Amino acid sequence: MGTLEKNLAGDISQQINDALSRLQSKELFQTTWDIVAFAVFFTFIGMVLLLAVLALIRCCCCDCDSPSSYKKVKKRKVGIDNMGMDP
């Protein structure tokens with residue numbers, strides 16, 4: 001278990017150093033795949049935030065579709081009563 005923890009710690013520190021060196025060199029995107037992944041990720045986050053804002057607007061600001069404004073529809077009884085089922 002000791003070597004596994006050392007390898008994991010070494011991998012994490014290597015990734016942190018790689019990220020810091022990218023920040024220092026101001027080359028965050030090394031390949032076109034990095035740019036595509038970045039665009040897809042932020043498009044996804046943007047859509048989630050947009051849907052959350054739309055849901056909040058619908059819930060908080062629009063009282064016209066509240067359930068209390070719907071007409072109460074009486075259900076019409078269909079068929080006959082089965083008097084044998086009554087106690």
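In this chain, numbering begins with 1 at the start of the sequence shown. Keep in mind it's a predicted model, so treat the numbers as computed, not measured.
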Next on the checklist: Going by ring-ring contact (aromatic ring centres under 6.0 Å, His included), name the residues that satisfy it together with Phe42, two or more places apart in sequence or in a different chain.
Outcome noted: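 ring-ring contact (aromatic ring centres under 6.0 Å, His included) list for Phe42, sorted by chain: Phe38.
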Next on the checklist: Considering only residues two or more places apart or on different chains, which pairs with a residue in residues 8-21 satisfy salt bridge (Lys or Arg N to Asp or Glu O under 4.0 Å)?
Outcome noted: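 Pairs touching residues 8-21 that pass the test: Asp18-Arg22.
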Cluster question for you: counting only ILVMFWY and a side-chain heavy-atom cut-off of under 4.5 Å, with indirect links fine, are [X] and [Y] together?
X	Y	result
Val40	Ile35	no
Leu51	Val48	no
Leu54	Leu49	no

Next on the checklist: Run the side-chain contact (heavy atoms from CB on, under 4.5 Å) test against Asp81 and tell me which residues pass, sequence neighbours left out.
Outcome noted: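 Listed in chain order: Lys77, Met83.
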